[in-house]
Amino acid sequence: MSSNPVAATVASLMPRAKEELTELVAFKSVADFGQFPREESEAAARWIADALTAEGFQDVALLDTPDGTQSVYGFLPGPEGARTVLLYAHYDVQPPLDEAGWTTPPFELTERDGRWYGRGAADCKGGVIMHLLALRALKANGGVPVNVKIIVEGSEEQGTGGLERYAEEHPDLLTADTVVIGDAGNFRAGLPTVTTTLRGMTLVRVRIDTLEGNLHSGQFGGAAPDALAALVRVLDSLRAEDGSTTVDGLTGDSVWQGIQYEEEQFRKDAKVLDGVELIGSGTVADRIWARPAITVLGIDCPPVVGATPSVQASARALLSLRVPPGVDAAKATELLRAHVEAHTPWGARVTTEQIGQGQAFRADPASPAYRAMADAMAVAYPGEEMQYAGQGGSIPLCNTLAALYPKAEILLIGLSEPEAQIHAVNESVSPDELERLSVAEALFLRNYAGGAA
């Protein structure tokens with residue numbers, strides 16, 4: 001690959017890329033301002049704005065979105081009459097979870113065993129660096145042959161919809177011929193992949209109340225209704241015996257037709273403990289890309305340490321429901337809330353609150369942009385053919401852009417291959433993947449503009 005001038009330039013820029021990713025990872029930019037300082041996210045946004053300005057972007061702006069966060073926008077003009085490509089990434093990250101579980105500090109980029117570790121290294125601060133690398137390589141080899149818009153979101157992980165609503169209120173801002181979403185990942189490291197479907201998502205908070213206050217379990221236990229036990233019953237009703245998701249009225253028998261995910265490889269990627277079974281039915285690809293999946297994200301109840309002998313008066317849980325393309329997320333939310341209410345035992349009082357939602361997405365892989373990307377990836381990954389895969393995660397902006405700009409082609413690439421362990425402890429990025437995907441994006445922009453690869 002180094003015989004290609006673009007590839008050689010990207011290779012020479014990798015030390016700088018590591019320095020910049022180190023700076024960007026250091027910002028604790030979790031867009032949950034009840035847990036993390038708003039100033040950390042704002043500082044990360046300013047870092048990106050400064051980087052875009054340094055690269056010659058015009059109209060660079062920090063956009064105050066309706067959910068109280070900031071997205072970063074910039075425009076890099078290309079030749080007269082050129083097509084326009086929108087590049088997307090996000091700088092907000094998931095919380096580090098249990099920091100004691102990290103081998104190295106989560107907000108310090110650390111190289112270990114050939115990978116760079118840190119929260120957001122792959123998801124999706126690395127995506128910001130990927131876009132910068134691709135554009136720098138083109139500028140050093142004849143120039144950027146398209147108009148480039150870039151948008152870097154500040155609250156993607158929270159699912160609060162700030163950028164979606166901002167885009168709907170300013171429909172001309174992000175208009176483009178093609179959109180490259182840099183927030184997906186290869187099916188495995190070294191196998192070039194474009195993600196063609198994303199599951200949608202809804203987040204629902206459930207609260208169950210049974211008593212005016214906690215009671216002594218010795219004096220009242222056995223007759224007094226336990227809110228935590230009621231919640232456990234509700235949560236159990238959301239899964240069949242084999243672990244399949246069972247929400248009343250929501251079908252779960254769709255089949256994935258693309259690349260398959262071998263069960264043993266999935267067990268390895270997911271780090272499933274020996275002897276523990278996978279859940280659900282159908283192929284692994286069916287389960288993670290084509291069917292709904294419920295997850296209990298959290299439960300409010302007394303911790304084991306310090307627990308008292310009490311019957312619990314109230315309990316809460318946060319539920320995530322992933323829904324595949326073809327299922328309306330709003331309808332799925334209604335079904336989930338109705339299911340919870342119908343399966344709450346003992347006449348307990350139950351309330352449900354939707355706190356986030358995003359629609360599923362399906363791309364058209366037969367479009368010209370996909371052919372341009374396939375040719376680019378063939379150069380960046382010699383001997384490998386570009387694959388089409390699904391992704392179980394959600395990127396709500398995709399459907400917003402598809403609705404606003406129905407003629408635009410949307411491609412999803414990125415650094416979140418299985419070894420990256422995004423959202424988990426010890427998240428990391430492969431520098432080889434960063435290098436190759438930066439080359440692929442640069443060559444794609446050239447191909448798409450009509451020039452030679």
Side-chain angles (χ1 to χ4, degrees), residues 159 184-185 187 195-206 231-267 269-270 272 276-299 317-345 350 352-363 365 388-396 398-399 402 412 416 418 422-423:
F187 179 69
T195 298
T196 57
T197 68
L198 297 167
R199 287 192 296 196
M201 173 193 67
T202 184
L203 290 172
V204 173
R205 185 182 289 131
V206 178
L231 178 61
V232 169
R233 287 281 184 92
V234 171
L235 301 181
D236 183 62
S237 74
L238 292 167
R239 291 195 180 277
E241 188 67 25
D242 66 359
S244 300
T245 293
T246 53
V247 175
D248 295 342
L250 188 63
T251 58
D253 57 0
S254 298
V255 175
W256 177 258
Q257 301 292 347
I259 191 171
Q260 292 298 310
Y261 205 150
E262 295 300 324
E263 185 168 319
E264 284 307 310
Q265 184 62 49
F266 179 83
R267 292 183 66 89
D269 292 340
V272 180
V276 178
E277 300 175 2
L278 301 186
I279 61 173
S281 61
T283 69
V284 170
D286 294 341
R287 288 175 251 180
I288 64 173
W289 297 333
R291 297 180 181 179
I294 193 81
T295 304
V296 181
L297 301 184
I299 297 178
L318 180 61
L319 306 180
S320 166
L321 177 63
R322 303 282 181 167
V323 294
V327 177
D328 178 65
K331 180 62 176 178
T333 301
E334 294 176 7
L335 293 174
L336 176 58
R337 296 176 75 170
H339 178 106
V340 168
E341 292 167 4
H343 288 265
T344 299
V350 58
T352 60
E353 177 188 6
Q354 181 187 352
I355 61 171
Q357 180 179 285
Q359 295 289 354
F361 170 78
R362 180 183 284 118
Y388 302 126
Q391 182 170 295
S394 306
I395 305 175
C398 284
N399 276 291
L412 294 100
S416 298
I422 64 170
H423 295 200

### Summary
Smallest heavy-atom separation, Pro324 atom then Trp289 atom, equals CB-O, 4.2 Å
### Task
Please indicate whether Arg233 has more than 12 foreign heavy atoms, meaning atoms of other residues, nucleotides or ligands, lying under 6.0 Å from its CZ.
no
### Heavy-atom pair with the smallest gap, counting every atom of Arg287 and Gly282
NH2-O, 2.8 Å
#### Entry: Within 6.0 Å of CD in Glu262, more than 12 heavy atoms from elsewhere
no
### Query
Once you round to the nearest 0.5 Å, how far does CG of Leu250 lie from OG1 of Thr245?
8.5 Å
### Task
Taking Thr246 for its side chain and Ser237 for its backbone only, find out whether a donor-acceptor pair lies under 3.5 Å.
yes
### Task
Using only heavy-atom distances, determine whether the side chains of His343 and Asp236 contain a donor-acceptor pair under 3.5 Å.
no
### Over all atoms of both residues, closest heavy-atom pair of Arg362 and Pro325
NH2-CB, 3.4 Å
### Query
Would you say the side chain of Cys398 lies within less than 4.5 Å of the side chain of Leu412, judging by non-hydrogen atoms?
yes
### Query
Within a strict 4.5 Å, meaning less than it, do heavy atoms of the Leu238 and Leu319 side chains meet?
yes
### Task
May I ask you to decide if Ile288's main-chain N or O and Arg199's side chain share a donor-acceptor pair within less than 3.5 Å?
yes
### Check: Thr195 and Thr197 side chains under 4.5 Å, non-hydrogen atoms
no
### Query
Do Leu297 and Leu203 come close enough that some side-chain heavy atom pair is under 4.5 Å?
yes
### Task
Check whether any side-chain heavy atom of Phe361 lies under 4.5 Å from a side-chain heavy atom of Thr196, and answer yes or no.
no
### Reported CG-to-CZ distance for the pair Leu278 and Arg267, which is rounded to 0.5 angstrom
5.0 Å
### Query
For the atom pair OG1 (Thr352) and CG (Leu336), what is the distance rounded to the nearest 0.5 Å?
8.0 Å
### Query
Run the side chain to side chain contact (heavy atoms under 4.5 Å, CB included) check on Leu321 and Met201 step by step: do they pass?
CA-CA 6 Å; Leu321 177 63; Met201 173 193 67; over 6 Å; no
### Message
Can you confirm whether the side chains of Asp242 and Ser244 place a donor and an acceptor under 3.5 Å from each other?
### Response
yes
### Message
Evaluate Ile259 against Tyr388 for side chain to side chain contact (heavy atoms under 4.5 Å, CB included), listing each step before the verdict.
### Response
CA-CA 7 Å; Ile259 191 171; Tyr388 302 126; over 6 Å; no
### Query
Between atom CD of Glu353 and atom CZ of Arg205, what is the distance when rounded to the nearest 0.5 Å?
5.0 Å
### Query
Among Asp286, Thr283, Asp269, which one satisfies side-chain hydrogen bond (donor to acceptor under 3.5 Å, both in side chains) with Tyr261?
Asp269
### Message
Closer than 3.5 angstrom, by distance alone: can the side chain of Gln359 be matched with the main-chain N or O of Gly200 as a donor-acceptor pair?
### Response
no
### Query
If you round to the nearest 0.5 Å, how far is CG of Asp328 from OG1 of Thr333?
8.0 Å
#### Entry: Minimum side-chain heavy-atom gap Ile299-Leu235 below 4.5 Å
yes
### Message
Checking Leu318 against Val296 for the side chain to side chain contact (heavy atoms under 4.5 Å, CB included) test, could you report, in this order, the C-alpha distance in whole Å, the side-chain angles of both residues, the deciding distance, and whether it holds?
### Response
CA-CA 6 Å; Leu318 180 61; Val296 181; over 6 Å; no
### Query
Does the side chain of Val204 reach to within under 4.5 Å of the side chain of Arg337, using non-hydrogen atoms?
yes
### Task
Nearest 0.5 Å please: distance from the CG atom of Asp248 over to the CG atom of Leu335.
8.5 Å
### Query
Between Ser281 and Arg291, what is the shortest heavy-atom contact and its length?
O-NH1, 2.8 Å
### Query
Does a side-chain heavy-atom distance below 4.5 Å link Ser254 with Val327?
no
